Number of protein chains: 2
Amino acid sequence: MSAAQETTGGEMEPWEQVTPDAARRLLVAAVEAFAERGYHATTTRDIAGRAGMSPAALYIHYKTKEELLHRISRIGHDKALDILRTAARREGTAAERLADAVSSFVRWHAGRRTTARVVQYELDALGPEARAEIVALRRQVDAEVRGIIEDGVAAGEFDVLDVRGTTLAVLSLCIDVARWFTVNGPRTPEEVGALYADLVLRMVGAG
Amino acid sequence: MSAAQETTGGEMEPWEQVTPDAARRLLVAAVEAFAERGYHATTTRDIAGRAGMSPAALYIHYKTKEELLHRISRIGHDKALDILRTAARREGTAAERLADAVSSFVRWHAGRRTTARVVQYELDALGPEARAEIVALRRQVDAEVRGIIEDGVAAGEFDVLDVRGTTLAVLSLCIDVARWFTVNGPRTPEEVGALYADLVLRMVGAG
DNA sequence: GCCGAAGGTGAGCGGTCGCTTAGCGCGCCT
DNA sequence: AGGCGCGCTAAGCGACCGCTCACCTTCGGC
């Protein structure tokens, strides 16, 4: 909640970059459908229906159903990486930057839960070459968080024995928010972000 | 690794309770297939094929494909709950019991990753009544961990502001192991269990 | 030695899937 | 004014889905 450690990161819905309008409507419809039922349980007829179009309209803007998932995953990972980079590269101590990174990353996973769910849990539905591209982005995500933790250790702020393992745990904690968070639940994304930032600072020995 | 905080919990593959033999082979085949490709992407022909049988044989032992998932989910949740109960009800301080619970729970998610994956991530594929039964088991899982944390707070061992939120985070951290763990990775289930037990003790202010 | 139950197979039914194709309406450019 | 191309639809193709059915084999009990 403390205003000093908040990074707004601008727009959290990145779909406006998708044009034309019909292609964007199909993409948003696909995100909703994939998040609700999973990629394999979603039909192209359902996606087109949600976008107010006939089933064939989908293939004017996308070659296959998998290309839809690929585009969503790519845009979502770009956004996630952007959020972490913004937090990692601001000024402040390693503890402040880590708290900011966790807080904003968690807020995105909670607030944009449908997008995050598709991005984080439907990776296996991608073909080999598309998956490889996304995996490379995930490595950059990992490196960004590991960099903050290494900075904290080097500065004597953190007490961490296993940097790679702790990085994995921190990211894992944030990502799993997309699995359990519900808008009907008792917590706001901001509250979860603040709680998780505190828990992570304890994990690295800066609490 | 410290032997004092290990709870073996006996057999970690609980499928031997399933009879007859053909029904068990089908169940194990379904676990593998669901874990690899997800419930909706798995065909009954694939399951029967892995078990060395014709597609029709599946319906001698199970009414539908969903009943297979239901049975797997039920047995898996029973096992997970059993692991946590064993740790929660042993003798020792709250810190010892929490470390034991996290360590054994994580070891199960890493060591029996295929089972854990189906149990933790295919819940939405169940119908309403089957899902309700499983959700009730999950509430018991949550209560078991929360009980240990409440004990630690009451005994002055832990420093936790938000008990429910911290419980959620602890379980979330453990469960997500099933998403990222690979047998090809650099860590053994025992190593991850020990690391995570340490991180969780830090989270509750007992590190 | 025959019988019925239990456990298995091959073929296939109705339905739905991802995706394609032929053609239609409607703005835009000359 | 007229033709052209873009965005879209209706219809449907071939494949594959979950599941069923008629039939076959094996085997213990009397």
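If you're wondering where the values come from, they're calculated on a predicted model, not measured in any experiment. Chain letters run A, B, ... following the sequence lines, proteins first and then strands; every chain starts at 1.
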* **Side-chain donor-acceptor pair present, B:Glu122, B:His40, cut-off under 3.5 Å** => no

* Scan side-chain atoms only and decide if B:Arg179 and A:Gln120 contain a donor-acceptor pair under the 3.5 Å cut-off. => no

* To do: Figure out the OH/C1' separation between B:Tyr62 and C:dG8, and round it to whole Å.
  => 16 Å

* Structure fact -> Axis-to-axis angle for the helix from C:dG1-D:dC30 to C:dT30-D:dA1, ends of five pairs each, to 10°, equals 10°

* Structure fact -> Closest heavy-atom pair, A:Met53 versus A:Ala22, reported as atoms and distance to 0.1 Å, is CE-CB, 3.2 Å

* Asked: Do A:Lys65 and A:Tyr59 meet the cation-pi criteria used here (NZ or CZ under 6.0 Å from the six-membered ring centre, within 45° of the axis)?
  -> no

* Asked: Between B:His61 and C:dG8, is there a side-chain N or O to OP1/OP2 distance below 4.0 Å?
  -> yes

* To do: Could you state the atom-to-atom distance from CD1 of B:Ile60 to C1' of D:dC24 in whole Å?
  => 12 Å

* **Integer-rounded Å distance: D:dG7 P and A:Met53 CE** => 11 Å

* Letter per nucleotide, 5' to 3', of nucleotides 12-21 of chain D [B base touched, S only sugar-phosphate touched, - untouched; heavy atoms, 4.0 Å] -> B----BBBBB

* Asked: Does some side-chain heavy atom of A:Trp108 sit less than 4.5 Å from a side-chain heavy atom of A:Thr115?
  -> yes

* Just jot down the salt bridge (Lys or Arg N to Asp or Glu O under 4.0 Å) partners of A:Asp46, sequence neighbours excluded, or say none. => A:Arg37, A:Arg50

* **A:Ala88 to A:Glu144 - nearest heavy-atom pair and separation** => CB-OE2, 3.8 Å

* Asked: Of all heavy-atom pairs between A:Ala130 and A:Glu66, which one has the smallest distance, and what is that distance?
  -> CB-OE2, 4.2 Å

